[in-house]
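Below you'll find the structure, written out as C-alpha cells, and then a few comments.
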Amino acid sequence: MQRRPLIAGNWKMNCLKEEAYALAKGVAEKYAACTDPECDVLVCPPAIWILPVVDAVKGRVAVGAQDAHAAKSGAHTGDVSVPMIKDAGARFVIVGHSERRADHHETDADVKAKAKAVIADGLTAVICIGETQDQRDAGKTIDVCRTQIQGSVPEEANAQNVVIAYEPVWAIGTGRTPTTKDVEEVHAAVRAEIAAKLGQKVAEEMRILYGGSVKPSNAKELMALQDVDGALVGGASLKVDDFWAIVETCL
Ligand code: 13P
C-alpha cells in the first residue's frame with residue numbers, strides 16, 4: 001500500500017500577518033516549482049490568519065486550522081467553528097493537540113466531538129495522540145496511544161477524512177526525539193489499533209504522521225520509517241528553508 005506522505009506545519013501561536021503571508025507564500029512557491037511532487041504539504045496558521053494565508057498559497061498547498069469548536073455556531077465566545085474554517089478556505093483541522101489537551105483540558109471525548117464536526121463538514125481532521133514523559137517512564141506509551149485512538153477517533157473515520165499524528169508530548173519543542181526503533185514500534189501499534197477499530201483496509205490507507213522536534217537534520221531518518229507517512233512540524237515550520245528541507249525528504 002503506497003500512502004502519499006503529508007508534511008504539515010503547525011505554526012501554533014506564532015507570526016504576525018505579514019510574516020504569516022510571507023511564510024505561506026514562500027512554501028507555496030517552492031511547492032509549485034516542483035514537478036510531480038510525491039508528497040502533500042499543509043500549513044496551519046493561527047485562525048486569524050487563515051484568510052490571508054489562503055490568499056497567499058493560491059491553492060498550491062493546503063491550509064488547515066489548529067482547532068475548532070464541535071458546534072456549528074452559537075454562544076461560544078472566542079471559539080471558531082468548522083463551517084467558518086471551511087468558508088475561509090481551509091481544508092484540514094488539527095484536533096486534540098497535546099497543547100489543547102493540557103492547556104484547555106480537552107478530553108478524548110471532546111477531541112472525538114471535534115473530529116466528528118470536521119468530518120461532517122467534509123474536511124479532514126488531523127487527530128493528535130501521544131504520551132507524556134511520566135507515561136513513557138511507566139512503560140505505558142502504547143497503552144496511552146491505544147486508549148486515545150479508541151476515545152478520540154470517530155467510527156466514521158477513513159483515510160480521506162482523518163490523519164493521525166503521533167506526537168510524544170516530551171518530544172515537542174524539546175529537541176529530543178524517540179529512537180527510530182521506538183517510533184517504528186509506536187506507529188505499528190497505532191496502525192494495528194486503527195485496524196482493530198476501523199478495519200484493515202482503512203488502517204493500511206490512513207496516514208500516520210510523526211511530530212515532536214522534527215528538524216531538517218533528523219527528518220530523513222524519521223520519514224524513511226515504514227509506518228511514518230509524514231510529519232507534523234512545529235518550530236521548524238516557521239522558516240521556509242527549514243520547513244522546505246523537511247518537505248524535500250519526501251519529494
Ligand atoms: P516541535 O516541532 O516544535 O517540536 O512541535 C511539534 C508539534 O507540536 C507539532 O504539532
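Order of appearance sets the numbers: ligands from 1, and atoms from 1 within every ligand.
Looking at K239 and E19, no side-chain N of the basic residue comes within less than 4.0 Å of a carboxylate O on the acidic one, giving no salt bridge.
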In a simple table, one pair per line, please give the protein and ligand 1 atom names for every N or O pair closer than 3.5 Å, along with the distance.
residue  : atom   : partner : partner atom : Å
ligand 1 : 2 (O)  : G234    : N            : 2.9
ligand 1 : 3 (O)  : G235    : N            : 2.8
ligand 1 : 4 (O)  : G173    : N            : 2.6
ligand 1 : 4 (O)  : S213    : N            : 2.7
ligand 1 : 5 (O)  : K12     : NZ           : 3.2
ligand 1 : 8 (O)  : K12     : NZ           : 2.7
ligand 1 : 8 (O)  : H97     : NE2          : 2.8
ligand 1 : 8 (O)  : E167    : OE1          : 3.4
ligand 1 : 10 (O) : N10     : ND2          : 3.0
ligand 1 : 10 (O) : H97     : NE2          : 2.9
ligand 1 : 10 (O) : E167    : OE1          : 3.2
ligand 1 : 10 (O) : E167    : OE2          : 2.9

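A side-chain N or O of R176 and one of Q133 form a donor-acceptor pair less than 3.5 Å apart. Side chains of Q150 and T147: a donor-acceptor N/O pair is absent below 3.5 angstrom, by distance only. Neither side chain, W11 nor Q66, offers a donor N or O lying under 3.5 Å from an acceptor on the other. Donor-acceptor pairing under 3.5 Å is lacking for the side chains of Q148 and Y166.
At least one donor-acceptor pair under 3.5 Å links the side chain of Y210 to the backbone N or O of G212.
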